[in-house]
Amino acid sequence: MTRTVLVVDDSVSLRQVLAIALRGGGYDVLEAGDGAAALELLDGRTIDLVISDVNLPRMDGIAFLRALKGKTDYRFTPVIMLTTETQQARKDEGRAAGARAWVAKPFQPAQLLDAVARLVRP
Ligand SMILES: [Mg+2]
């Protein structure tokens with residue numbers, strides 16, 4: 001069964017890079033430009049993994065992560081935070097909120113696909 005990955009980033013070009021890499025890896029891709037838009041996609045549909053930027057308009061990645069973990073349908077959905085953020089405090093916040101991995105931008109698509117494959121159910 002095809003797995004679905006939700007990509008949350010305010011950069012259209014970065015979402016395109018991610019979507020191309022993920023579709024190339026055999027995943028279906030959903031996209032959102034900020035945390036609030038991503039939250040609207042959590043309507044009960046199957047989402048196998050989320051890749052989210054930290055710095056986002058309207059609702060940042062950490063707030064989105066907390067909201068996702070508060071939803072019964074999605075509390076076990078693995079989340080990879082994608083960020084240029086190097087401050088340890090933000091990582092600790094993300095980890096406390098349930099982030100499973102961090103991938104720093106700029107990233108190699110292969111590196112990201114490795115992280116996705118490790119976290120998505122087989
Ligand atoms: Mg951003």
Side-chain angles (χ1 to χ4, degrees):
M1 192 186 143
T2 306
R3 301 300 177 197
T4 300
V5 178
L6 169 59
V7 171
V8 190
D9 200 295
D10 51 325
S11 160
V12 174
S13 58
L14 193 120
R15 290 205 309 272
Q16 281 173 348
V17 168
L18 281 168
I20 288 166
L22 288 163
R23 290 191 178 112
Y27 298 98
D28 280 343
V29 179
L30 292 169
E31 296 181 35
D34 60 60
L39 206 52
E40 286 171 17
L41 293 174
L42 304 184
D43 56 3
R45 76 185 78 199
T46 300
I47 294 173
D48 297 287
L49 182 129
V50 175
I51 301 172
S52 179
D53 190 19
V54 169
N55 298 317
L56 295 166
R58 296 211 290 166
M59 175 187 269
D60 74 24
I62 305 284
F64 168 65
L65 174 58
R66 290 195 181 112
L68 176 141
K69 292 298 172 184
K71 288 183 173 284
T72 309
D73 288 347
Y74 300 101
R75 68 187 151 161
F76 299 121
T77 305
V79 177
I80 297 173
M81 300 304 293
L82 184 63
T83 183
T84 54
E85 196 66 69
T86 53
Q87 292 163 337
Q88 191 58 44
R90 293 297 271 168
K91 290 195 179 184
D92 291 345
E93 254 185 289
R95 204 170 299 281
R100 295 285 302 278
W102 293 84
V103 173
K105 294 187 228 176
F107 58 88
Q108 296 297 320
Q111 173 201 1
L112 189 93
L113 284 175
D114 276 355
V116 169
R118 277 198 303 273
L119 290 172
V120 171
R121 301 171 279 130

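All values reported here derive from a predicted model rather than from experimental measurement. Atoms within a ligand are numbered from 1 in the order they appear, just like the ligands themselves.
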### Query
Looking at the Mg ion (ligand 1), is one of the N, O or S atoms of D9 less than 2.8 Å from it?
no

### Heteroatom test (N, O or S) for N55 near the Mg ion (ligand 1), limit 2.8 Å
yes

### Message
Strictly below 4.0 Å, N to O, side chains only: are D53 and K105 in salt-bridge contact?
### Response
yes

### Summary
Among N, O or S atoms, D53 approaches the Mg ion (ligand 1) most closely through OD2

### Query
D10: which N/O/S atom is nearest the Mg ion (ligand 1)?
OD1

### Query
Is W102 close to R95 at the side-chain level, that is, under 4.5 Å between some pair of heavy atoms?
yes

### Intermediate values then yes/no, side-chain contact (heavy atoms from CB on, under 4.5 Å), D34 and D10
CA-CA 6 Å; D34 60 60; D10 51 325; 5.8 Å; no

#### Entry: Residues R90, D60; criterion salt bridge (charged side-chain N to carboxylate O under 4.0 Å, His left out); working and verdict
CA-CA 12 Å; R90 293 297 271 168; D60 74 24; 3.5 Å; yes

